[in-house]
2 protein chains.
Amino acid sequence: MMAGVALEHAILVSLLEQPGSGYELARRFDRSIGRFWTATHQQIYRVLKRMEADGWVTAEEIDQDGRPDKRRHSVAAPGRAALTTWLREPVQPESVRHELAVKIRGAAFDDAAGRAALIVEVERYRADHEATVHRYLTGEQRDFPDAGALDAGQRLQHVVLRGGIAYERMVLAWLDDVLETLHGLGR
Amino acid sequence: MMAGVALEHAILVSLLEQPGSGYELARRFDRSIGRFWTATHQQIYRVLKRMEADGWVTAEEIDQDGRPDKRRHSVAAPGRAALTTWLREPVQPESVRHELAVKIRGAAFDDAAGRAALIVEVERYRADHEATVHRYLTGEQRDFPDAGALDAGQRLQHVVLRGGIAYERMVLAWLDDVLETLHGLGR
DNA sequence: TCTTGATATGCAACTAGTTTCATAGCATGA
DNA sequence: TCATGCTATGAAACTAGTTGCATATCAAGA
C-alpha cells in the first residue's frame, strides 16, 4: 500500500464509526466524509470488494422488507491493523483541484461577455456554498448539541466538522471578494 | 473534452500569462498554480505533447548558454478558442482530498501513543502551512505592491492569491483548534 | 577530477478515478 | 397499469494521475 492512497482508509474509518452497505457508504461520501474525500458508488463497491478479498472487511447479508437486500460491511482485525499502520505514516499535503480559480485567472483572456457569464457562475457557486454551510450548521446542532458531553470519537468528528464550517465561511468571504473584483473590472 | 478536466486549461492559462518550457510550467505548478491545481512534470510534458499535436500550443527551440536548451511553448489560436469554450462551461465543484481529516477521525480508533504521534504530525503540518502563508504574503508584496495600479490580469491573479492566503489562514486557525482538541482528549 | 545539484526532457508501467451502462426490488401516486 | 423515484449492486471501458526510471547539459566546489 502506497502512502497517501486513502480511499481504503476513509472507508475503514467510516465503517468503524458505523458498519454499513456500499450504498450507505456512498451516501456518507456525498455528505459527511465527502467534505474531505470524494468517491462515487462504483469506486466504493470496487474497493469494498478488494478489501473483502483481502480480509480487511466482512460482509453480512441483510434481508430487508420494503426494500432490496443489502450487504452490511464491518471492519475485521486485519483492516483495523492496516488502518493503524496508515495512521502512523506521515500526513500527505492536501491536494486541491479548484477549477474556479483557474477560470478566474483565465477570465483575463476572455471578453466582457465571458466575464459577465463568469459572474453568473460565481453567484451560483456561492449559493451552493451558502447552502452547504447551512447544512453543516444544522448537522452540528443535531449531532453535537452539548459540547461538554461528547466522547473522544464525537469530539474528533466535531473538530473535523468545524473545519468544514470554517472552510465554507472562508470560501463565501472570498467569493464576495471575487465578485467585487469582477465587477470592478467593468468599471 | 470532458467538462471539469482542467489540466490542459490550467496550462493554457499559465502559458497565456507567460510562455514557457515544460520545466518552467512544472515549477509554476509547484508554486503559484499549484495552490489550486497540482501536476507533476511527467504529466505536464505528456499533456503538452498532446496539446502540441492538437495544434493548441506551438513550441520554439531556445538555445541557452550556461544551461541545457529548452522548448518554449506558446498558445496558438485553437488553444485559445478551446480555453474560451471551457471558460463558459459551468464550474465544477472543487474536489478536496484531505488526508489529515481522515486521520483525525481515524484517531478515535487508535490508542494514546497513536494520538501522540498524530499531534506531532499536526504540528509539522502546521509549520508547513505557516511557511506557505509567509511565502504567499512575500509574493503579494513583491507582485502587487500598489493595488491601485493593476491591470485586469493582475487584479484577477491578485484575487486568486488572496484566496490562497485566506485558505492558509483558515487552515492555521483550524489546526490550532485540532491541537487543542487532541490535547483535550488526554486530560 | 569527481561529485553534487540545478536545469531540462521524456518513456513505461502502474494505480486511481470517472463515465456509461445494466440490473433489480419495492413504494407511491397518476 | 404505468411511470417515477429511491434503494441496492455491479461490470466494462476509458481517462487521469503517480511512480520509477533514464538521459543529458552545465556550474560550482571538494
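What you see is a predicted model; the values in this text were computed from it and never measured. A note on names: the letters A, B, ... follow the listed sequences, proteins ahead of strands, and every chain is numbered from 1.
Using a 4.0 Å heavy-atom criterion, one finds that Ser21(A) contacts the sugar-phosphate atoms exclusively. Residue Arg97(B) is in sugar-phosphate contact alone, with no base atom involved, counting any heavy-atom pair closer than 4.0 Å across all strands shown.
Rounded to an integer number of Å, the gap from CD of Gln92(A) to C1' of dT18(D) is 12 Å. The CD atom of Glu8(A) sits 12 Å away from the P atom of dT15(C) (whole-angstrom rounding). dA8(D) atom P lies 12 Å from atom CG of Leu25(A), rounded to whole Å. Following rounding to the nearest Å, Leu7(A) (CG) and dT18(C) (C1') show an atom-to-atom distance of 13 Å. For Ile11(B) and dA16(D), the CD1 to C1' distance is 13 Å, given to the nearest whole Å. The distance between atom CD1 of Ile62(B) and atom P of dT7(C), rounded to the nearest whole Å, is 17 Å. Rounded to an integer number of Å, the gap from Glu61(B) CD to dT7(C) P is 20 Å. Rounded to an integer number of Å, the gap from CD of Gln43(B) to P of dT15(D) is 15 Å.
No continuous path of ILVMFWY side-chain contacts below 4.5 Å connects Leu137(B) to Val160(B), so the two sit in separate hydrophobic clusters. Val96(A) and Leu175(B) fall into different hydrophobic clusters, defined by Ile, Leu, Val, Met, Phe, Trp and Tyr side-chain heavy atoms under 4.5 Å apart, directly or through other members.
Results of the side chain to side chain donor-acceptor pair (under 3.5 Å) test with Glu61(A) over Arg71(A), Arg72(A), Lys70(A) single out Arg71(A) as the only residue that passes.
Residue Arg126(B) qualifies as enclosed at atom CZ: its count of foreign heavy atoms under 6.0 Å is above 12.
Summarising the geometry of Ser74(B) relative to Pro19(B), their closest heavy-atom pair is OG-CB, 3.7 Å, with the distance given to 0.1 Å. Of all non-hydrogen atoms in Tyr23(A) and Tyr45(A), the two that sit nearest each other are N-OH, 3.3 Å.
A donor-acceptor pair under 3.5 Å is formed between the side chain of Thr138(B) and the backbone N or O of His134(B).
Where Glu24(A) and Asp69(B) meet DNA chain D, the nucleotide closest to each residue was compared, and Glu24(A) sits on the side nearer the 5' end. Across the interface with DNA chain C, nearest-nucleotide mapping of Ala39(A) and Lys70(B) shows Lys70(B) to be the residue nearer the 5′ end.
In this structure the side chain of Asp110(A) reaches within 4.5 angstrom of the side chain of Arg88(B), judged on heavy atoms. The shortest side-chain heavy-atom distance between Lys103(B) and Glu89(A) falls under the 4.5 Å cut-off. Contact annotation: the side chain of Arg135(A) approaches that of Thr132(A) to within less than 4.5 Å [non-hydrogen atoms, C-beta and beyond]. No side-chain heavy atom of Gln64(A) sits under 4.5 Å from any side-chain heavy atom of Ser21(A).
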Listing time: all N or O pairs from protein to nucleotides 3-7 of chain D that are below 3.5 Å?
{"residue": "dT7(D)", "atom": "OP1", "partner": "Arg27(A)", "partner atom": "NH1", "Å": "3.3"}
{"residue": "dT7(D)", "atom": "OP2", "partner": "Tyr23(A)", "partner atom": "OH", "Å": "3.0"}

Give each protein N/O atom lying under 3.5 Å from an N/O atom of nucleotides 10-13 of chain D, with the pair distance.
{"residue": "dG10(D)", "atom": "O6", "partner": "His41(A)", "partner atom": "NE2", "Å": "3.2"}
{"residue": "dA11(D)", "atom": "OP1", "partner": "Lys49(A)", "partner atom": "NZ", "Å": "3.4"}

> Under a cut-off of 3.5 Å for both distances of each Watson-Crick or G-U pair, what dot-bracket string does DNA chain C give, using [ ] for crossing pairs and | for inter-strand pairs?
Replying inline: ||||||||||||||||||||||||||||||
>> Using the rule given for side-chain hydrogen bond (donor to acceptor under 3.5 Å, both in side chains), can you reason through Tyr125(B) versus Glu94(A), listing the C-alpha separation, both sets of side-chain angles and the distance that settles it, and then say yes or no?
In response: CA-CA 10 Å; Tyr125(B) 191 85; Glu94(A) 70 268 31; 2.3 Å; yes
